[in-house]
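The next block holds one structure in the form of C-alpha cells; read it before the comments.
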Amino acid sequence: MINQRVQDMQEVRAYGYFPSDSTEDKRARKAFDKGKTVYLNVEDSRLVDEQGKYIAHLYSSSKVNPASNMTAQEESYVDMAVQNNLKSKGTAFILSLLFGALGIAHFYTGNVIYGVVILIGSIIGVLFLGAFFIPICIVLTIVDCFVSMGEVTTYNRKQRLIAIQQIQLQRIMNNKAE
C-alpha cells in the first residue's frame with residue numbers, strides 16, 4: 001500500500017486527485033480541519049487516517065469521475081464557467097425587498113417575462129386601486145422575496161447544465177474529428 005502524507009486539499013489536488021463528490025469533499029475537509037494526520041492512498045484512490053481507516057474516496061484527474069462522468073479538467077471548466085455567471089440569493093432578496101412590487105429582482109434572475117408581468121400588474125393596480133394597493137404590494141413583496149431566491153437557485157443550476165452541455169458537445173465534436 002503506497003501512502004503519501006498530505007497536509008490539505010490543495011496538496012491532494014496537486015497530486016492529481018479530487019474528491020468524487022461534494023460529500024467526499026466535506027469528509028476530507030473535516031478531517032483536515034480537525035487536524036488529523038491524513039494520507040493519500042494512491043493504490044485505492046482514497047484518503048485514509050493513521051490507522052488506514054477510510055476518510056474519503058478520490059479519483060485521479062486523468063480518469064473520469066463516475067459521479068459526474070467528467071474528468072477533473074472538465075469539472076474545473078464547469079466550475080469556472082459557473083463561478084463567472086453565478087447570481088446571488090442575497091442580492092435577489094434585497095432587490096425583492098426594496099422593489100418587489102415592481103418585479104426588479106426577476107429581471108436580475110433572468111426571468112424577464114415574469115418581471116414585466118409584475119411591473120405591468122403593479123402599474124395597473126396603482127392606477128385602479130390607488131392607496132388601497134399598498135397593503136397588496138407589501139404582501140406581494142414578502143412573497144416575491146422567496147420566489148426570487150428560488151429563481152436564483154434555478155438560474156445557477158441552469159448555468160451549470162449549460163456548461164456541462166458544452167463539455168458534452170465538445171466530446172461529440174472531438175469524436176467526429178477522430
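These values consider heavy atoms only, across backbone and side chains, with no hydrogens, waters or symmetry-generated copies.
- The same ILVMFWY cluster, assembled from side-chain heavy atoms under 4.5 Å apart, contains both L127 and L119.
- At a threshold of 4.5 Å between non-hydrogen side-chain atoms, the residues V6 and L47 count as touching.
- Closest heavy-atom contact between A31 and V38: CB-CG2, 4.2 Å.
- Atom OG1 of T109 and atom NZ of K158 lie 9.5 Å apart (nearest 0.5 Å).
- No side-chain heavy atom of K30 sits under 4.5 Å from any side-chain heavy atom of D33.
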**Asked** Going through the distances and angles, do R160 and V78 end up as a side-chain contact (heavy atoms from CB on, under 4.5 Å)?
**Response** CA-CA 7 Å; R160 183 167 194 77; V78 169; 3.4 Å; yes

**Asked** Does the pair Y39 and E50 meet the rule for a side-chain contact (heavy atoms from CB on, under 4.5 Å), with working shown?
**Response** CA-CA 7 Å; Y39 294 92; E50 291 174 309; 4.0 Å; yes

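- Residue I134 is not grouped with residue L102 when hydrophobic side chains (ILVMFWY) are merged at heavy-atom distances under 4.5 angstrom, including chains of intermediate members.
- Contact check for R27 versus Y54: side-chain heavy atoms found under the 4.5 Å cut-off.
- Atom CD in E24 sits 11.5 Å away from atom NZ in K26 (nearest 0.5 Å).
- Both I94 and F99 are assigned to one and the same hydrophobic cluster, defined by single-linkage of ILVMFWY side chains at heavy-atom distances under 4.5 Å.
- Here the closest non-hydrogen pair linking Y155 and N85 is CE2-O, 3.2 Å.
- The shortest side-chain heavy-atom distance between M80 and N84 falls under the 4.5 Å cut-off.
- The minimum heavy-atom distance linking V152 with A92 is given by the pair CG2-CB, 3.5 Å.
- Linking Ile, Leu, Val, Met, Phe, Trp and Tyr residues whenever their side-chain heavy atoms come within less than 4.5 Å leaves V143 and I136 in two separate clusters.
- Although no hydrogens or angles enter the test, the distance criterion places no donor-acceptor pair under 3.5 Å between the side chain of Y114 and the main chain of G103.
- Looking at T153 and K89, their side chains come closer than 4.5 Å, going by heavy atoms from C-beta outward.
- Nearest heavy-atom pair, E11 versus R5, reported as atom, atom and distance to 0.1 Å: OE2-O, 3.6 Å.
- No side-chain heavy atom of F146 sits under 4.5 Å from any side-chain heavy atom of S96.
- To the nearest 0.5 Å, the span separating CZ on R29 from CE on M9 amounts to 6.0 Å.
- Of the candidates I123, V147, D144, D144 is the only one forming a side chain to side chain contact (heavy atoms under 4.5 Å, CB included) with I118.
- Remark: I113 CD1 is loosely packed, at most 12 non-hydrogen atoms of other residues, nucleotides or ligands lying under 6.0 Å away.
- Here L140 contributes atom CG and C145 contributes atom SG; the two are 11.0 Å apart, rounded to the nearest 0.5 Å.
- In terms of modelled atom types and a separation under 3.5 Å, the side chain of N156 and the main chain of K87 share a donor-acceptor contact.
- We find the CD1-SG distance between I142 and C137 to be 11.5 Å, quoted to the nearest 0.5 Å.
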**Request:** Could you walk me through whether L95 and F107 pass side-chain contact (heavy atoms from CB on, under 4.5 Å), step by step?
**Result:** CA-CA 10 Å; L95 286 171; F107 292 102; over 6 Å; no

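- To the nearest 0.5 angstrom, T37 atom OG1 is 10.0 Å from F32 atom CZ.
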**Item:** Test log, rule side-chain contact (heavy atoms from CB on, under 4.5 Å), inputs L58 and L40
**Value:** CA-CA 9 Å; L58 305 171; L40 171 62; 3.3 Å; yes

